[in-house]
Amino acid sequence: MWGVRFARSAVVATVGLSLLASLPGAAAAHVPNRSAANGDGTPAEPETHASVPSVGEDDANSNRIYLMLDSDGTLHAEETLFFGAGAPEEFTRTFVVRHPYDTDHDRLYEVSGITARDGDGEPVAVRTDAGADTLDVTMETGGSDTVVLNYEVGGTTSRIGRQLELEWVAVGGYSSPVGSTTVEVDAPLPPLALSCAAGEPRSSIYCTSSDMGGHQALIARFLQADLEVGQTLSIVVGYPPETAPGEPVLERTWSLPSAFAITPATSGVFGLLLIVLIGGLLVLIRVRGRDERALRNEAALGDHAPLAGSDEGTLRFRPPNGVHPGQIGTLIDEQADVVDITATVVDLAVKGHLVIEELPHEGFTSVDWRLVRQPPPPDDEPRRYERLLLDALFHNRDEVRLSELGDTFATRLGDVRDELYRDMVRLKWFARRPNVERNRWTVLGIVLTALGVLLTVLLALYTHAAFTGLAVIIAGAAVTVGAQYMPAKTRLGSAVFAHTLGFRAYLHRADADDVPFSQRVPLFSRYLPYAIIFDTVERWAQILATAGSAELDGDDLPWYHGPEEWRLNDFADSIRTFTLTLSGVISNTRQFRTLS
């Protein structure tokens, strides 16, 4: 508190002035020594609490303030203004009613009961104008040379150490220069110490003089000469603690450091929230770790040729757990995306549901393909998402060019993707649809983050505990980021996932020698959609083309036909271009644009 600051710094000056006051003639120019002998040699009456210094009455614009602190802590004031011959029509006296107390509070002074009268006791009109930190009192003096202002002030006392301290800006500013201002402070008990400051607001320059009423030290007196417009005079007087109550009137103020104060309480709450957050993350890691444990224990079960014998003595394609290419993509990254749909189209062609015809290249036009729908093969019942994809492609027609797939195809792809997610739940690979679960946790994280921001703002405005709100924001952000881990697979889903990655390892290293010569084309054709998912399409397309050249009479595969000049040696380039073109068509739709 600034008052305490200059009070401490003025201790030496106060002691010196007190000693001076006890010397003969000390401060005689301003405060008469009523303990001195009268003119006839008889002793004068001793100093009393009621004595008022008679100074400045003949000076132009001088002020004498008498302050009485009662036992209830209220400061009663009588302020006499002397204007002399140059009395103004109006005079404004400013009170400081608010100033900073500490980093978290402002100190308030309650000024009330303001009245004024002239030297003859007639009332003087007074109007007040309250500002943020000051109260301006304008007196319509009407040319009177003397105006007496009465008022009361609450909130001037506080306990500092072992004494009561009265702190008050006795003069908060004048509208005209004042040659001299005298302040006298009386109280039920004598003062113990005093200090003052004068000049510009918040000045620490000591006032002209101060004393404690001579050798008896019964009252505190202050004198300041030549206060300019807007300059102030602040006083501090120390009293015994039993003099009056000592509770200042404080109002909490906002500041960033105080709002985010780190205290044992806020640190404890913040730490508790972080522990909960870390615990939640550990649970997420453990849930995600189920896939890692399954890979260690079960991936080898899928790392082999996906073939099984038949009654006819031929080999049949048997992928791990009967998983389809589109299902594999969704199972691995938990999203039904562009490559899953592309691989499913190729898989449907390989299984006989459609034929892909590469059209002749006409000049500089881009390559195009015609998709021709075939009667459903008797040995393959398509899953619901595959039927929806066939309907999206053909839509009541038997053939369509890839370049002609338009709005109808785009609209129906959303249903295909949703059905792929539902398929994951029907197969019990996921407890709930992974996209819905992921979105639910993402929304929860965003909402939690927003609530954390709102909570932090409210705590910052009304408390010192805003630091704890940051933990909620961190928790919300962690849930938002961790939402991708929430669509956890079931135990069965993790096992299928492990078998599928074992199959991927096999496709990366297998070669044609694993399959009998006469069965390579149909089996390697079944491998190809999975190779699209596992990003080994070029290798297996080349293996398939080589097998077809050796096994087939013509230059067409059963499910892929090239133009007249096309040869099986061109198949690897053709299927790569087809998948890229189809992926581009799918990714340009609204449903898949963000997943391309």
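Hydrogens, waters and symmetry mates are skipped; everything else that's a heavy atom, side chains included, is used.
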Exercise for the section: Hey, could you give me the SG/CG distance between C196 and L223, rounded to the nearest 0.5 Å? Expected result: 9.5 Å
Practice task
Take I235 and L194 through the side chain to side chain contact (heavy atoms under 4.5 Å, CB included) test and state the conclusion after the steps.
Solution key: CA-CA 8 Å; I235 63 172; L194 52 83; over 6 Å; no
Practice task
Check whether any side-chain heavy atom of L166 sits under 4.5 Å from a side-chain heavy atom of L69, and report yes or no.
Solution key: yes
Practice task
Could you tell me whether a side-chain N or O of D415 sits under 3.5 Å from a main-chain N or O of D418, the two making a donor and an acceptor?
Solution key: no
Problem - Check: R440 side chain, A483 main-chain N or O, donor-acceptor pair, under 3.5 Å - result: no
Handout entry: From CA spacing to verdict: side chain to side chain donor-acceptor pair (under 3.5 Å), D136, T94
Key = CA-CA 4 Å; D136 291 336; T94 299; 2.8 Å; yes
Exercise for the section: Check for a donor-acceptor pair, side chain of T480 on one end and backbone N or O of I446 on the other, with a separation under 3.5 Å. Expected result: yes
Handout entry: Lys/Arg-Asp/Glu bridge criterion (N-O < 4.0 Å) met for R107, E167
Key = yes
Exercise for the section: Mark yes when over 12 heavy atoms from residues, nucleotides or ligands other than I205 sit less than 6.0 Å from its CD1; otherwise mark no. Expected result: no
Handout entry: Derivation of the side chain to side chain contact (heavy atoms under 4.5 Å, CB included) call for R98 and E251
Key = CA-CA 9 Å; R98 175 195 295 268; E251 182 178 273; 2.8 Å; yes
Handout entry: Interatomic spacing from OG1 in T181 to CG in L233 - rounded to 0.5 Å
Key = 6.5 Å
Practice task
Indicate yes or no: at least one non-hydrogen side-chain atom of T456 is less than 4.5 angstrom from one of F260.
Solution key: yes
Exercise for the section: Evaluate the side-chain proximity of I65 to E184: yes if any heavy-atom separation is below 4.5 Å, no if none is. Expected result: no
Practice task
Test S62 against S180 for side chain to side chain donor-acceptor pair (under 3.5 Å), laying out the working first.
Solution key: CA-CA 5 Å; S62 63; S180 66; 4.5 Å; no
Practice task
State whether E247 and R159 are salt-bridged, where the test is any N-O pair (Lys NZ or Arg NE/NH1/NH2 against Asp/Glu carboxylate O) under 4.0 Å.
Solution key: no
Completion exercise
The reported gap from CG in L81 to OG1 in T146 (rounded to nearest 0.5 angstrom) is 9.0 Å
Handout entry: Side chain proximity check, E140 to E89, heavy atoms < 4.5 angstrom
Key = no
Handout entry: Residue pair N61 / F82, side-chain heavy-atom distance below 4.5 Å
Key = no
Problem - Among D186, T182, T80, the one residue meeting side chain to side chain donor-acceptor pair (under 3.5 Å) with Y66 - result: D186
Problem - Check: T208/Q224 side-chain N/O donor and acceptor closer than 3.5 Å - result: yes
Exercise for the section: Decide whether Y174 and N63 meet the rule of one side-chain donor and one side-chain acceptor closer than 3.5 Å. Expected result: yes
Problem - Side-chain H-bond candidate by donor/acceptor type, Y151 with H76, under 3.5 Å - result: no
Exercise for the section: Give a yes-or-no answer on whether the side chains of Q335 and N435 include a donor-acceptor pair shorter than 3.5 Å. Expected result: no
Handout entry: Nearest heavy-atom neighbours spanning F270 and T468
Key = N-CG2, 4.2 Å
Exercise for the section: Inspect the contact between R127 and E90 and indicate whether a charged nitrogen and a carboxylate oxygen are less than 4.0 angstrom apart. Expected result: yes
Handout entry: Test item: N439 side-chain N/O and V436 main-chain N/O as donor-acceptor pair under 3.5 Å
Key = no
Problem - Under 3.5 Å: donor-acceptor pair, side chain of S494, backbone of R491 - result: no
Handout entry: R117 and V147: CA distance, side-chain angles, deciding distance, side chain to side chain contact (heavy atoms under 4.5 Å, CB included) verdict
Key = CA-CA 6 Å; R117 64 183 186 276; V147 173; over 6 Å; no
Problem - Pair R426 + E419: basic N to acidic O under 4.0 Å - result: yes
Handout entry: From E110 atom CD to L75 atom CG, the distance as rounded to the nearest 0.5 Å
Key = 12.5 Å
Problem - Donor-acceptor under 3.5 Å (T157 side chain, P245 main chain) - result: yes
Handout entry: Exercise: identify the closest heavy-atom pair between P100 and D106
Key = CA-OD1, 3.5 Å
Completion exercise
For A197 and S203 the tightest heavy-atom approach is CB-O, 3.3 Å
Fill in the blank from the handout: Nearest heavy-atom contact between M139 and V124 is CB-CG1, 4.2 Å
Handout entry: Validation row: I219, V185 side chains within 4.5 angstrom (heavy atoms)
Key = no
Practice task
Can you measure from CG (L272) to OG (S267) and round to the nearest 0.5 angstrom?
Solution key: 12.5 Å
Handout entry: Expected output: side-chain S210 to main-chain R221 donor-acceptor under 3.5 Å
Key = no
Practice task
Examine distances only and state if a side-chain atom of R438 and a backbone atom of E334 form a donor-acceptor pair shorter than 3.5 Å.
Solution key: yes
Handout entry: Check: L135 and D129 side chains under 4.5 Å, non-hydrogen atoms
Key = no
Problem - Intermediate values then yes/no, side chain to side chain contact (heavy atoms under 4.5 Å, CB included), F497 and I332 - result: CA-CA 7 Å; F497 170 75; I332 290 176; 4.2 Å; yes
Exercise for the section: State, without any angle test, whether S144 and T141 hold a side-chain donor-acceptor pair at a distance under 3.5 Å. Expected result: no
Fill in the blank from the handout: Rounded to the nearest 0.5 Å, the OG1 atom of T74 sits from the CG atom of D72 at a distance of 6.0 Å
Exercise for the section: Report yes or no: does D118 contribute a side-chain atom to a donor-acceptor pair with the main-chain N or O of D120 at less than 3.5 Å? Expected result: yes
Practice task
Compute both the distance and the angle, then confirm whether R93 meets the cation-pi test with F91: under 6.0 Å from the six-membered ring centre, within 45 degrees of the axis.
Solution key: no
Problem - Residue pair V126 / A116: nearest heavy atoms and the distance that separates them - result: CG2-CB, 3.5 Å
Handout entry: D133 and H99, any side-chain heavy atoms less than 4.5 Å apart
Key = no
Practice task
Quick one: closest heavy-atom pair of T490 and A431, and the distance?
Solution key: CG2-N, 3.6 Å
